[in-house]
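Owing to the predicted nature of the structure, the values given are computational and were not obtained by experimental measurement. These values consider heavy atoms only, across backbone and side chains, with no hydrogens, waters or symmetry-generated copies.
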Amino acid sequence: MHQPNMPSAPFSSDHETITAAYLLREVATVPPETTVTKVFQRFTEDANLIALPVVTDGHPVGIVSRRHMIESFARPYTRDLYGRRRITEFMDPTPFIVDIRMDLDRLSRLIMEFSSHFAYESFIITANGRYAGMGTGHDLTRMITENNQARLYRLAHYDALTALPNRLLFLDRLSQAMAQARRAERMVAVMLLDLDRFKIVNDNLGHSMGDLLLREVAGRLTECVRESDTVARLGGDEFTILLPEITNIEDAAMVARKILDKLAHPIPLDGHEVFVNASIGITLYPFDESVDVLLRNADTAMYHVKEQGGNGFQYYTTEMSTASLKRLSLESALRRALEQQEFVLHYQPQLDLESGRIIGAETLLRWRHPDWGLVAPGDFIPLAEETGLIVPIGEWVLATACRQLKNWQDTGFPPIQIAVNVSARQFNQENFIEIVSGILATTRLDPRCLKIELTESTLMQNGHATIAMLDKLHAMGVQLSIDDFGTGYSSLSYLKRFPIDQIKVDRSFVTNIMSDPNDAALASAIIAMSHSLGIQTIAEGVETEAQLKFLHERNCDQIQGYLISRPLPATEFSRLFANTTAGCVRKPLSHGQICLPLPFHTAPPV
């Protein structure tokens, strides 16, 4: 019963079934009329033979065990007595028979239930009821052990979701590729790929759809490389590609372009067509000489692509390391800034065009670093968003602004509104409503004096959940404003669904409103559309009298910008408001006459 080429346990995924076919040994059958002597001779001639199947017309009718034959007929006189008898008189007429398609786990359970030592030693395997071969318990045990080891290896070295190599296996292959390239004087390319805006898919379609997307991306990446290359998933939406033994630097760029083109095609997901882009960073061995440096520099190059808008690739350069170190330093300082009270708030007045009064202020965050001085918001706000620090910072801004407004009111200020920008990450917290209500309760500020500004992209995430949160805020009395309107998903459909109180016309339209007919038409349309829906409008970035006149003639409700005042620290805002008559910085606008703001308010931008 010996078969030299018997297959070993297949290296399979956890979901692939290993069947009795892998145990099959080709053993010549014994017809029922065969004598005991001939069967005994078969056993003596083949020491590896454990059992013989007795088969008639292709159907097994019994089995003869080597153990039984040796014990019964080892002495010569027993062979003299029974040697000419048919083997059917001494066979086991109820052999253990299994189908060739039976999986090994079920087979092992059945053998235990059969409670026969002989069944464990050997059993008959059939295909469609006809004899196919023999199997042994020893082979079964070995196969199950090997398969379990293969599963453990796969769990340790392969990603469960995509079946791609994981970080551990990738690093091993990268080390081997670097050693081979060193001997052959070739190059190795490492590509780090991160999907752009993958979180939007998870948030809007659910994590199950996100998993399907990752599997599809994994398949497309594999189609873009050679068999000798490696595509691995490091985790989340981050993949790595190893290109060993390349001869030209441009080879990696060709693969990157192929990947971007492949990902540009829509991906069908449960009735949805999803478009996905990627940012790719590329590093090369031997220019970077260690595994850690290769991965770190590829990561730096990838983030450089993201900062440029994504959907592209970039080779690593030493200049990026300088920028990366600066970014790390900035992040470290940013993490300490809140604790060390380095943040301050400035307030930019918002003017009602009908009355000429200051009726509110937008809260703007500033960071005064002890060594760097004033850090521009554009330098640290995106980093705060990316790292999640925007959540505690945003909560501090909201609490500080509400507390400041309440202090102003307690000193005699009329009930103006304070506008606070809230990021998508902050707004999407499960307890955001509780945070807002808690701050209002602590500061004892009237909710109607708080205006929360949200971007269009924030509103478009998690549709039903967003509407529910907006309804709760509106029911509390909090005012809601859409920031930077016209730059994102502008549409009447969501304006009708969301309880919006105000729309802010983005400064990008206001800046060229007098020179660009398209901007003028868009600003006019936004104002008219908003009023038709009963929503107020405020224009930001107003810097000239001509812009002011244009907006006033089109019945824009409010404005803010350097024409009125730059953003001011709390003490200067207090002085500005006190120096006006109850916040009135101009005469009421009438007869088409536009009054200039007070000279104090026209301080140049800082």
Side-chain angles (χ1 to χ4, degrees), residues 333-334 336-352 355-381 384 392-422 439-440 442-453 479 481 507 538 540-543 558-586 596-606:
L334 187 59
R336 296 191 302 266
L338 189 59
E339 179 182 336
Q340 297 180 1
Q341 300 180 344
E342 295 173 7
F343 291 121
V344 294
L345 297 184
H346 286 190
Y347 303 89
Q348 186 168 40
Q350 296 177 329
L351 187 76
D352 179 71
S355 66
R357 295 180 182 276
I358 296 174
I359 45 79
E362 180 180 5
T363 306
L364 298 167
L365 181 63
R366 298 290 185 263
W367 179 15
R368 293 194 179 277
H369 190 275
D371 299 322
W372 305 335
L374 193 64
V375 183
D379 289 340
F380 73 88
I381 293 295
I393 292 173
E395 186 173 340
W396 176 86
V397 170
L398 187 61
T400 304
C402 289
R403 188 162 51 248
Q404 179 63 69
L405 180 56
K406 181 59 178 173
N407 289 341
W408 282 333
Q409 291 176 356
D410 291 343
T411 60
F413 270 43
I416 65 172
Q417 285 186 332
I418 198 80
V420 178
N421 292 280
V422 171
I439 289 173
L440 291 172
T442 302
T443 59
R444 295 179 290 111
L445 181 68
D446 186 338
R448 292 171 297 179
C449 294
L450 173 62
K451 185 196 302 177
I452 288 179
E453 293 190 359
Q479 302 293 290
S481 175
R507 68 176 63 249
I538 180 171
E540 65 176 349
V542 179
E543 298 182 356
Q558 302 167 20
I559 64 167
Q560 71 180 80
Y562 283 92
L563 182 64
I564 307 303
S565 172
R566 61 180 173 83
L568 302 170
T571 53
E572 291 187 33
F573 185 89
S574 301
R575 187 162 63 249
L576 164 66
F577 202 86
N579 287 342
T580 65
T581 306
C584 183
V585 300
R586 61 177 65 246
L596 289 174
L598 297 176
F600 175 80
H601 305 150
T602 57
V606 293

Below 30° counts as parallel, above 60° as perpendicular, anything between as tilted: where do the rings of His369 and Trp367 land?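 Taking Trp367 first and then His369, their aromatic rings stand perpendicular (interplane angle over 60°).
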Between His346 and Leu568, is the side chain to side chain contact (heavy atoms under 4.5 Å, CB included) condition met? List the steps. CA-CA 5 Å; His346 286 190; Leu568 302 170; 5.9 Å; no
Report the residue from Thr442, Thr443, Leu398, Leu445 that forms a side chain to side chain contact (heavy atoms under 4.5 Å, CB included) with Arg403.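 Only match with Arg403 under side chain to side chain contact (heavy atoms under 4.5 Å, CB included): Thr443.
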Is any side-chain heavy atom of Pro349 less than 4.5 Å from a side-chain heavy atom of Leu576?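 When only atoms from C-beta onward are counted, Leu576 and Pro349 do touch, with a gap below 4.5 Å.
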4.5 Å side-chain heavy-atom contact, Phe577 and Ile416: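 Yes, their side chains come closer than 4.5 Å.
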From [atom1] ([X]) to [atom2] ([Y]), nearest 0.5 Å:
X	Y	atom1	atom2	value
Asp352	Ile559	CG	CD1	10.0 Å
Leu450	Ile439	CG	CD1	8.5 Å
Lys406	Thr411	NZ	OG1	10.5 Å
Gln409	Gln404	CD	CD	11.0 Å
Gln558	Ile564	CD	CD1	11.5 Å
Phe573	Phe413	CZ	CZ	6.5 Å

Given the rule in the side chain to side chain contact (heavy atoms under 4.5 Å, CB included) test, do Leu365 and Trp396 qualify, once you have shown the distances and angles that lead to the verdict? CA-CA 10 Å; Leu365 181 63; Trp396 176 86; 3.8 Å; yes
For the student: nearest non-hydrogen atoms of [X] and [Y], plus distance:
X	Y	result
Glu453	Asn421	OE1-OD1, 3.0 Å
Ile418	Ala401	CG1-CB, 4.2 Å
Arg366	Pro377	NH1-CG, 3.6 Å
Leu334	Ile393	CD1-CD1, 4.2 Å

Can Gln350 and Gln560 be said to form a side-chain hydrogen bond (donor to acceptor under 3.5 Å, both in side chains), step by step? CA-CA 5 Å; Gln350 296 177 329; Gln560 71 180 80; 2.7 Å; yes
Is a side-chain donor or acceptor of [X] paired with a backbone partner of [Y] at a separation under 3.5 angstrom?
X	Y	result
Ser481	Ile452	no
Gln479	Cys449	no
Gln348	Ser565	yes

If you count the non-hydrogen atoms of other residues, nucleotides and ligands that lie under 6.0 Å from CD in Glu339, is the total more than 12?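 Counting neighbours around CD of Glu339, 12 or fewer heavy atoms of other residues, nucleotides or ligands fall under 6.0 Å, so no.
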Measuring centre to centre across the rings, with the benzene-like ring taken for any Trp, is Tyr347 within less than 6.0 Å of Trp408?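 Between Trp408 and Tyr347, which both carry aromatic rings, the centre distance is below 6.0 Å.
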Under the criterion side chain to side chain contact (heavy atoms under 4.5 Å, CB included), I'd like the reasoning laid out for Arg566 against Glu572: C-alpha separation, chi angles, the key distance, then a yes or no. CA-CA 11 Å; Arg566 61 180 173 83; Glu572 291 187 33; 2.9 Å; yes
Tell me, with the steps shown, if Leu563 and Leu351 meet side chain to side chain contact (heavy atoms under 4.5 Å, CB included). CA-CA 10 Å; Leu563 182 64; Leu351 187 76; over 6 Å; no
